[in-house]
Amino acid sequence: MATDYSTFHEPTSDLFERLAAVSDLSPFRLTDEQIAHYHEFGYLAGVRILDDAQIEHLRAELAELVQPDHDGRSLWYEYNSNESSDPDLVLFHALGAWRTRPGFHDMLWNPAFLVAASQLLGGAVRFWHDQLFCKPAHHGGVVAWHQDYSYWTRTQPMAHLTCWIGLDDATADNGCLQYVPGSHRWPLLPITGLAGDMQAIGEVLSEQQMHQLQNPTAIELKAGECAFHHPLMVHGSFANRTDRPRRAAVLNVVRDGVCSAGDKPLLDGTDPVPAGQPLAGRYFPLLFDGERSL
């Protein structure tokens with residue numbers, strides 16, 4: 001039987017340095033300028049949080065996880081070998097890798113991630129869920145323009161943070177993230193689809209918003225670098241037609257105290273968190289109390 005790593009609320013290996021063993025957090029702290037950039041534009045890119053050995057370890061685990069019959073297949077919240085609506089393109093998208101493999105589990109407790117996340121959230125960091133987005137070479141699919149919080153209104157208040165981590169070099173050619181700077185100040189938009197028409201969002205945008213959408217910023221990252229973004233940031237990514245894959249892991253976290261907005265399970269297969277109660281328990285562990293980073 002596969003190990004369900006959600007039962008462990010601490011690192012299970014030595015792949016990442018343990019936060020409790022780090023005497024000086026200053027190498028992981030963001031600068032005032034970086035924090036100001038996040039708040040002004042809605043994102044911060046180019047923060048290196050994985051070293052080469054960690055990248056290779058996660059790539060090896062990912063190679064197992066993309067096989068439909070892998071050990072632990074029943075543990076995912078959502079698993080799409082291909083979520084693309086275009087039959088000529090492939091977009092692997094899955095939620096719940098942290099439950100299936102030690103590397104993806106332990107990445108949640110990576111100090112290089114947690115210290116920065118605590119600074120940007122302004123407090124203690126609690127886990128929401130993770131994702132994998134993989135675009136194979138030659139026919140990698142798109143991720144349509146969207147706001148993350150459009151999919152997360154079952155958790156309130158909106159005190160969320162997304163960390164997109166490259167497991168390959170991400171470029172404009174192979175389908176890197178694209179941000180619309182400043183769109184984190186837009187109101188919450190309706191869902192218009194995640195893996196289909198890149199232009200579908202135009203149905204719900206004003207003329208001014210459409211104008212801004214025409215000038216996105218390509219977030220090119222080296223493998224091991226990440227981009228943090230606000231839950232209302234409008235973002236997407238285009239197809240990968242290159243000879244190289246574009247694989248990424250995403251960590252979604254909240255400031256501790258965010259609550260469930262309903263009585264149904266927040267993720268498939270998890271225990272319900274009653275409406276009005278803060279996220280907690282087996283599936284939503286506290287990752288960092290934040291006291292040492294602020």
Visitor: Look at the side chain of Asn240 and the backbone N and O of Pro136, then say whether any donor-acceptor pair between them is shorter than 3.5 Å.
Guide: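 It does hold such a pair.
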
Visitor: With sequence neighbours excluded, tell me which residues meet side chain to side chain contact (heavy atoms under 4.5 Å, CB included) with Gln208.
Guide: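 Gln208 satisfies side chain to side chain contact (heavy atoms under 4.5 Å, CB included) with Ser206, His211, Gln212 once adjacent residues are dropped.
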
Visitor: Excluding sequence neighbours, so at least two apart, what forms salt bridge (charged side-chain N to carboxylate O under 4.0 Å, His left out) with Arg246?
Guide: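 With neighbours one apart ignored, the set is empty.
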
Visitor: Holding to side chain to side chain contact (heavy atoms under 4.5 Å, CB included), I want the full list of residues that pass it with Asp168, two or more places apart in sequence or in another chain.
Guide: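 Asp168 satisfies side chain to side chain contact (heavy atoms under 4.5 Å, CB included) with Arg59, Pro245, Arg247 only.
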
Visitor: Might you work through the ring pair (Phe, Tyr, Trp, His ring centres under 6.0 Å) test for His37 and Tyr43, ending with a clear yes or no?
Guide: CA-CA 7 Å; His37 186 282; Tyr43 73 92; 5.0 Å; yes

Visitor: Let me check something: do Phe41 and Val234 share a hydrophobic cluster, defined by ILVMFWY side-chain heavy atoms less than 4.5 Å apart, either directly or through other members?
Guide: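 No; tracing contacts between hydrophobic side chains, which count when under 4.5 Å, never links both residues.
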
Visitor: Could you give all pairs that pass the side-chain hydrogen bond (donor to acceptor under 3.5 Å, both in side chains) test and reach residues 11-21, with sequence neighbours left out?
Guide: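 Counting only pairs at least two positions apart or across chains, the side-chain hydrogen bond (donor to acceptor under 3.5 Å, both in side chains) contacts touching residues 11-21 are Thr12-Asp106, Ser13-Asp106.
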
Visitor: Mind checking salt bridge (charged side-chain N to carboxylate O under 4.0 Å, His left out) for Asp52 and listing every partner two or more places apart, or none if nothing turns up?
Guide: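 Applying salt bridge (charged side-chain N to carboxylate O under 4.0 Å, His left out) to Asp52 gives Arg48.
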
Visitor: So, does Glu61 use its side chain to make a donor-acceptor pair with the main chain of Phe104 at under 3.5 Å?
Guide: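 It does hold such a pair.
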
Visitor: List for me each residue that meets salt bridge (charged side-chain N to carboxylate O under 4.0 Å, His left out) alongside Asp51, sequence neighbours excluded, and say none if there are none.
Guide: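 Once residues adjacent in sequence are excluded, Asp51 has no partner under the salt bridge (charged side-chain N to carboxylate O under 4.0 Å, His left out) criterion.
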
Visitor: May I ask you to check whether Tyr79 and Phe92 place their ring centres under 6.0 Å from each other?
Guide: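 Yes, the ring of Phe92 comes within the 6.0 Å limit of the ring of Tyr79, centre to centre.
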
Visitor: Among residues at least two apart in sequence or on other chains, which ones pass salt bridge (charged side-chain N to carboxylate O under 4.0 Å, His left out) with Glu78?
Guide: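 Listed in chain order: nothing, the list is empty.
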
Visitor: Got a sec, which residues hit side chain to side chain contact (heavy atoms under 4.5 Å, CB included) with Ala218, two or more places apart in sequence or on another chain?
Guide: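 Partners of Ala218 under the side chain to side chain contact (heavy atoms under 4.5 Å, CB included) test: Ala172, Cys176, Gln178.
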
Visitor: Under the rule for ring pair (Phe, Tyr, Trp, His ring centres under 6.0 Å), what residues qualify as partners of His184, not counting sequence neighbours?
Guide: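 Applying ring pair (Phe, Tyr, Trp, His ring centres under 6.0 Å) to His184 gives His230.
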
Visitor: State which residues pass side-chain hydrogen bond (donor to acceptor under 3.5 Å, both in side chains) with Trp152; sequence neighbours excluded, sorted by chain then number.
Guide: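 Trp152: side-chain hydrogen bond (donor to acceptor under 3.5 Å, both in side chains) contacts with His129.
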
Visitor: Tracing side-chain links under 4.5 Å among I, L, V, M, F, W and Y, which residues wind up in one group with Phe8?
Guide: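 Result for Phe8 is Tyr5.
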
Visitor: Drop me the distance from Leu287's CG to Ser118's OG, to the nearest 0.5 angstrom.
Guide: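 Between Leu287 CG and Ser118 OG, I get 10.5 Å after rounding to 0.5 Å.
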
Visitor: Please list, chain by chain and in numerical order, all residues satisfying side-chain hydrogen bond (donor to acceptor under 3.5 Å, both in side chains) with His70, sequence neighbours excluded.
Guide: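 For His70, the residues satisfying side-chain hydrogen bond (donor to acceptor under 3.5 Å, both in side chains) (neighbours in sequence not counted) are Trp76.
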
Visitor: Does Tyr283 use its side chain to pair, donor to acceptor, with the backbone of Pro272 at less than 3.5 Å?
Guide: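 Checked: no pair found.
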
Visitor: So how far is it from Leu25 CG to Gln119 CD, rounded to the nearest 0.5 Å?
Guide: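 Atom-to-atom, Leu25:CG and Gln119:CD are 9.5 Å apart.
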
